[in-house]
A.B. asks: 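Below you will find the structure I want to go over with you.
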Amino acid sequence: MLSLGLVRRGQNLKVLCLGAHSDDIEIGCGGTLLTWMANGVRLDVSWCVLSAAQSRADEARRSAEAFLQGSASSTIYLAAFRDGFFPYHGAEFKEHFEQLKRTIDEPDVIFTHRRADAHQDHREVCKLTWNTFRNHTILEYEIPKWDGDLGQPNLYQPLTASVMDKKISYLDAFFGTQRSKDWFDADTFRGLARLRGMEVRAEERFAEAFYLRKASIGSI
């Protein structure tokens with residue numbers, strides 16, 4: 001299978017990570033960020049969580065700091081929009097995205113939720129990502145949950161077993177408010193990564209998967 005050279009060792013890459021809730025980025029693309037940093041990519045990361053209030057704000061910040069320990073630089077942005085009500089925030093929500101665009105450096109890669117996610121907050125984040133950032137490489141990540149809305153991704157980042165273990169250990173360590181949920185456990189995260197690893201025939205069996213809707217092939 002042909003591997004696309006999106007990132008290279010020693011490369012400086014500006015990354016914008018967008019998540020509706022305080023654990024979304026970690027679940028959706030945390031292993032990919034850890035892999036890129038372990039492989040020598042210099043990441044400048046803007047990490048933006050839209051619903052992180054009270055105890056979940058502390059979880060979001062501590063988790064982001066752990067995942068981004070190996071980055072060249074990082075900035076964490078936490079907002080407190082009401083969980084479950086993103087589509088109804090209207091102009092306020094749109095203005096927050098416009099402010100992000102004015103504040104952060106022009107990103108090379110943007111991680112966001114996928115368009116067909118069953119959660120209304122996730123879909124709204126994706127919609128405004130595409131509406132606000134119109135000349136960027138956007139990778140849509142997936143979040144497992146009870147809705148049964150997993151799809152057919154077309155881009156994969158293989159993960160080593162050690163990266164997979166680190167991702168799961170961070171999720172367990174920093175998100176105490178989520179442990180009561182029946183889906184939030186190592187079996188779910190490892191199982192999905194194993195399935196995606198099987199699909200891409202990953203050498204160490206695990207992968208994270210994304211939806212790449214548009215990309216440009218560079219000059220030869």
Side-chain angles (χ1 to χ4, degrees), residues 15-38 43-71 73-87 89 92-93 96-97 99-100 103-104 110-114 117-126 128-129 139-147 149 159 162-193 206 208 210:
V15 178
L16 170 60
C17 301
L18 295 165
H21 311 107
S22 63
D23 52 4
D24 289 342
I25 297 170
E26 294 89 335
I27 293 171
C29 62
T32 295
L33 295 173
L34 292 172
T35 296
W36 289 359
M37 290 183 286
L43 297 185
D44 298 307
V45 182
S46 296
W47 182 290
C48 308
V49 181
L50 282 304
S51 180
Q54 300 174 345
S55 62
R56 298 218 69 188
D58 181 59
E59 289 181 339
R61 185 171 299 279
R62 291 170 58 232
S63 175
E65 289 172 350
F67 271 87
L68 298 174
Q69 286 179 74
S71 65
S73 69
S74 63
T75 305
I76 301 168
Y77 301 90
L78 303 181
F81 290 99
R82 186 178 176 186
D83 185 1
F85 284 75
F86 283 19
H89 285 297
E92 183 184 5
F93 203 58
H96 188 81
F97 269 76
Q99 181 61 37
L100 281 175
T103 301
I104 65 175
I110 299 174
F111 289 103
T112 192
H113 293 277
R114 81 182 178 97
D117 195 300
H119 195 302
Q120 68 274 13
D121 289 355
H122 297 179
R123 293 196 306 273
E124 192 70 10
V125 173
C126 180
L128 283 174
T129 301
L139 304 182
E140 299 176 7
Y141 57 75
E142 57 185 356
I143 303 291
K145 52 192 177 300
W146 68 270
D147 304 87
D149 61 352
L159 308 178
S162 62
V163 163
M164 193 69 232
D165 289 342
K166 181 179 287 189
K167 172 180 173 174
I168 291 173
S169 69
Y170 284 166
L171 286 167
D172 181 64
F174 295 112
F175 293 106
T177 62
Q178 304 304 294
R179 293 193 195 110
S180 62
K181 294 182 176 179
D182 56 4
W183 64 269
F184 194 95
D185 60 26
D187 289 342
T188 298
F189 303 131
R190 197 180 300 276
L192 179 58
F206 301 107
E208 286 178 341
F210 304 93

A.B. asks: Rounded to the nearest 0.5 Å, how far does OG1 of T177 lie from CD of E59?
C.D. replies: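 Atom-to-atom, E59:CD and T177:OG1 are 3.5 Å apart.
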A.B. asks: Could you go step by step and tell me if D172 and R179 meet the salt bridge (Lys or Arg N to Asp or Glu O under 4.0 Å) rule?
C.D. replies: CA-CA 8 Å; D172 181 64; R179 293 193 195 110; 3.6 Å; yes
A.B. asks: Is F174 close to F67 at the side-chain level, that is, under 4.5 Å between some pair of heavy atoms?
C.D. replies: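 No, their side chains stay 4.5 Å or more apart.
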A.B. asks: Using a 3.5 Å distance criterion without hydrogens, assess whether the side chain of E65 forms a donor-acceptor pair with backbone atoms of R62.
C.D. replies: no
A.B. asks: Report the distance from atom SG of C126 to atom NE2 of H119, rounding to the nearest 0.5 Å.
C.D. replies: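 Those atoms lie 14.5 Å apart.
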A.B. asks: Within this structure, what is the CG-CH2 distance for the pair L68 and W47, rounded to the nearest 0.5 Å?
C.D. replies: 5.0 Å
A.B. asks: Nearest 0.5 Å please: distance from the OG atom of S71 over to the CG atom of D44.
C.D. replies: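 Interatomic distance, S71 OG to D44 CG, rounded to 0.5 Å: 7.5 Å.
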A.B. asks: Please report the closest heavy-atom contact between A57 and A52, naming both atoms and the distance.
C.D. replies: CB-O, 3.3 Å
A.B. asks: Using side-chain contact (heavy atoms from CB on, under 4.5 Å), reason through K145 and D117 one step at a time and then give a plain yes or no.
C.D. replies: CA-CA 10 Å; K145 52 192 177 300; D117 195 300; 2.8 Å; yes
A.B. asks: Just do the side-chain contact (heavy atoms from CB on, under 4.5 Å) check on Y77 and T103 with the steps written out, would you?
C.D. replies: CA-CA 11 Å; Y77 301 90; T103 301; 3.6 Å; yes
A.B. asks: Looking at S51 and F81, would you say the former's side chain and the latter's main chain have a donor-acceptor pair under 3.5 Å?
C.D. replies: yes
A.B. asks: Any side-chain heavy atom of L33 sitting closer than 4.5 Å to one from L43?
C.D. replies: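 When only atoms from C-beta onward are counted, L43 and L33 do touch, with a gap below 4.5 Å.
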A.B. asks: Give the intermediate values and the outcome of side-chain contact (heavy atoms from CB on, under 4.5 Å) for residues H89 and H96.
C.D. replies: CA-CA 10 Å; H89 285 297; H96 188 81; over 6 Å; no
A.B. asks: Where the side chain of E208 meets the backbone of T32, is there a donor-acceptor pair that is under 3.5 Å apart?
C.D. replies: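 Side chain of E208 to backbone of T32: a pair is present.
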A.B. asks: Near K166 NZ, under 6.0 Å, is it more than 12 heavy atoms from other residues, nucleotides or ligands?
C.D. replies: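 Open: at most 12 neighbouring heavy atoms sit under 6.0 Å from NZ of K166.
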A.B. asks: Less than 4.5 Å apart, any side-chain heavy atom of F93 and any of F86?
C.D. replies: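 Yes - at least one pair of side-chain heavy atoms lies under 4.5 Å apart.
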A.B. asks: Taking only distance into account, with no hydrogens and no angle test, what donor-acceptor pairs under 3.5 Å do side-chain atoms of residues 15-28 form with protein atoms, sequence neighbours excluded?
C.D. replies:
residue : atom : partner : partner atom : Å
H21     : ND1  : D24     : OD2          : 3.1
H21     : ND1  : H122    : NE2          : 3.3
H21     : NE2  : D83     : OD1          : 3.0
H21     : NE2  : D121    : OD2          : 3.0
S22     : OG   : R56     : NE           : 3.0
S22     : OG   : R56     : NH2          : 2.7
D24     : OD2  : A20     : N            : 3.3
D24     : OD2  : H21     : N            : 2.8
D24     : OD2  : H113    : NE2          : 3.3
D24     : OD2  : H122    : NE2          : 3.4
E26     : OE2  : S63     : OG           : 2.7

A.B. asks: Going from NZ on K167 to CG on L159, what distance comes out if it is rounded to the nearest 0.5 angstrom?
C.D. replies: 6.5 Å
A.B. asks: Counting N and O atoms only, with roles assigned by atom type, does the side chain of T188 sit under 3.5 Å from a partner on the main chain of F184, one being a donor and the other an acceptor?
C.D. replies: no
A.B. asks: State, with a plain yes or no, whether a side-chain heavy atom of F97 is found less than 4.5 Å away from one of T129.
C.D. replies: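 Touching, per the 4.5 Å side-chain cut-off.
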A.B. asks: Can you list the steps and then say if W183 with F189 is a side-chain contact (heavy atoms from CB on, under 4.5 Å)?
C.D. replies: CA-CA 9 Å; W183 64 269; F189 303 131; 4.0 Å; yes
A.B. asks: Roughly how far apart are I76 CD1 and C48 SG, rounded to 0.5 Å?
C.D. replies: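 If we round to the nearest 0.5 Å, I76:CD1 and C48:SG are 10.0 Å apart.
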A.B. asks: What about F111 and F210, are their ring centers closer than 6.0 Å?
C.D. replies: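 That pair passes the under 6.0 Å test.
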A.B. asks: Without swapping roles, check the side chain of R123 against the backbone of A118 for a donor-acceptor pair under 3.5 Å.
C.D. replies: yes
